[in-house]
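As the structure is a prediction and not an experimental result, all values here were calculated from the model. Every number for a ligand or one of its atoms is a count from 1 in the order of the listing. Values reported hereafter were calculated over all heavy atoms of this structure, with side chains retained and with hydrogens, waters and symmetry mates removed.
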Amino acid sequence: MQVFDNNEHPHRRYNPLTGEWVLVSPHRSKRPWQGQKEAAANTALPEYDPECYLCAGNLRSNGVRNDQYTDVFVFDNDFPSLLTDAVTTPDTSSLFQLKPERGINKVICFSPKHNLTIPEMEVSALVKVAEAWKQQYRELGSKDYINHVQIFENKGSVMGCSNPHPHGQIWAQSSLPTLVEKTQASLLAYYEKNGKSLLADYLTEELAKKERVVIENDHFAVVVPFWATWPYETMIISKRHFGNITEMTEEETQAFAEILKRITVKYDNLFETSFPYSSGIHQTPTDGKPHPEWHFHMHFYPPLLRSASVKKFMVGYEMMAEAQRDISPEKSADILRGLSEVHYKTKTP
Ligand code: H2U
């Protein structure tokens, strides 16, 4: 029998955050693909677009005018998926369960400049974004009916983002959403068993092995998780064990903004395109209970596979059975590590 080699042999890896498995088929990524850099249509955008509903001073579709903002601007989503009203709970049965859900949806513009994205912003401007995330988490989370605040960004039309203006969203709600509930259960079970943070232990091992670490600074590391499903999925993990963004010190906030820029610059440099992804922060629920099991982290799920125009589809087997990837997480980390931290648009030809 052959000796197992994780760069050769199909295998499944366990995600200790979700309790799910992913099928890894590294032998398939031997198909030639490196060097195939199909440049995407990088259309130059104006710094201000009079038609954009997120640009400073412009009218939104409901007739409200945006502030003449100069850094970060947060507003209530005009088309919220959740409403603040309390309603009665209807009678249900085990096979027809239903729970009314309350919440608040916000939109956060990262910059007044229509043509910027996170990797092209100054670290000082990203510190302001992080400060706004802290303020929103604190304000929304302090409401008695808000038990979870999901901060996220959908970047790129391939991710369904409707507008290139740099922005993210915040959905605050009364229940723990499914993925967060799974993560919470895993973190709690580990903490109760070991008296330690699962992600602190995981990061200690990753920093020692160095195989999947992409970049690090004094306070954060970016890894391609051992169990990553998307080809270039990464996770920012805080080196100190704390639960949410409001617990970051000033120095940590600076380091967080810095690493956010560095990883997204690498992403843009991978295929010399404005790299699409969905990113989001996972942190302590805001239910007022102590949550020592939580450990601040931020996920990046980018869909691109081989070039600016070749997307990984989570379809077929993935929809019916289990997530699957070809390129190994170690190979992805190696590729990301090797990329420049100078944004390709600023390089002189
Ligand atoms: P996405 O492009 O990531 O979908 O985010 C845009 C959000 O902005 C979306 O949730 C909201 C949409 O509801 N929006 C407004 O609140 N007001 C508008 O005038 C247009 C879009």
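Considering backbone and side-chain atoms together, Ser162 places an N or O closer than 3.5 Å to an N or O of ligand 1.
If you check which protein heavy atom lies closest to atom 17 (N) of ligand 1, you get Asp78 OD2, 2.6 Å. What sits closest to atom 4 (O) of ligand 1 on the protein, heavy atoms only, is Gln169 NE2, 3.6 Å. Summary of contacts: the protein heavy atom closest to atom 19 (O) of ligand 1 is Ser61 OG, 2.7 Å. Closest protein heavy atom to atom 9 (C) of ligand 1: Asn77 ND2, 3.7 Å. Nearest protein neighbour of atom 21 (C) of ligand 1, counting heavy atoms only, is Tyr53 CE1, 3.2 Å.
Between Phe242 and Phe220, the ring planes are perpendicular. Angles over 60° get that label, and only those under 30° would be called parallel.
Contact analysis puts His167 in contact with ligand 1, with a non-hydrogen atom separation below 4.0 angstrom.
Connectivity analysis of hydrophobic side chains (ILVMFWY, heavy atoms under 4.5 Å, direct or indirect) links Phe96 to Leu95.
Looking at Arg212, Lys210, Arg337 one by one, the single match for salt bridge (Lys or Arg N to Asp or Glu O under 4.0 Å) with Glu330 turns out to be Arg212.
Contacts of Val107 with ligand 1, taken as heavy-atom pairs under 4.0 Å, involve the side chain alone.
Because its NZ or CZ atom is both nearer than 6.0 Å to the ring centre of Tyr145 and within 45° of the ring axis, Arg102 counts as a cation-pi partner of that residue.
In summary, the side chains of Gln184 and Trp294 do present a donor paired with an acceptor at a separation below 3.5 Å, with no hydrogens or angles considered. A donor atom on one side chain and an acceptor atom on the other are not found under 3.5 Å apart for Tyr53 and Asn66.
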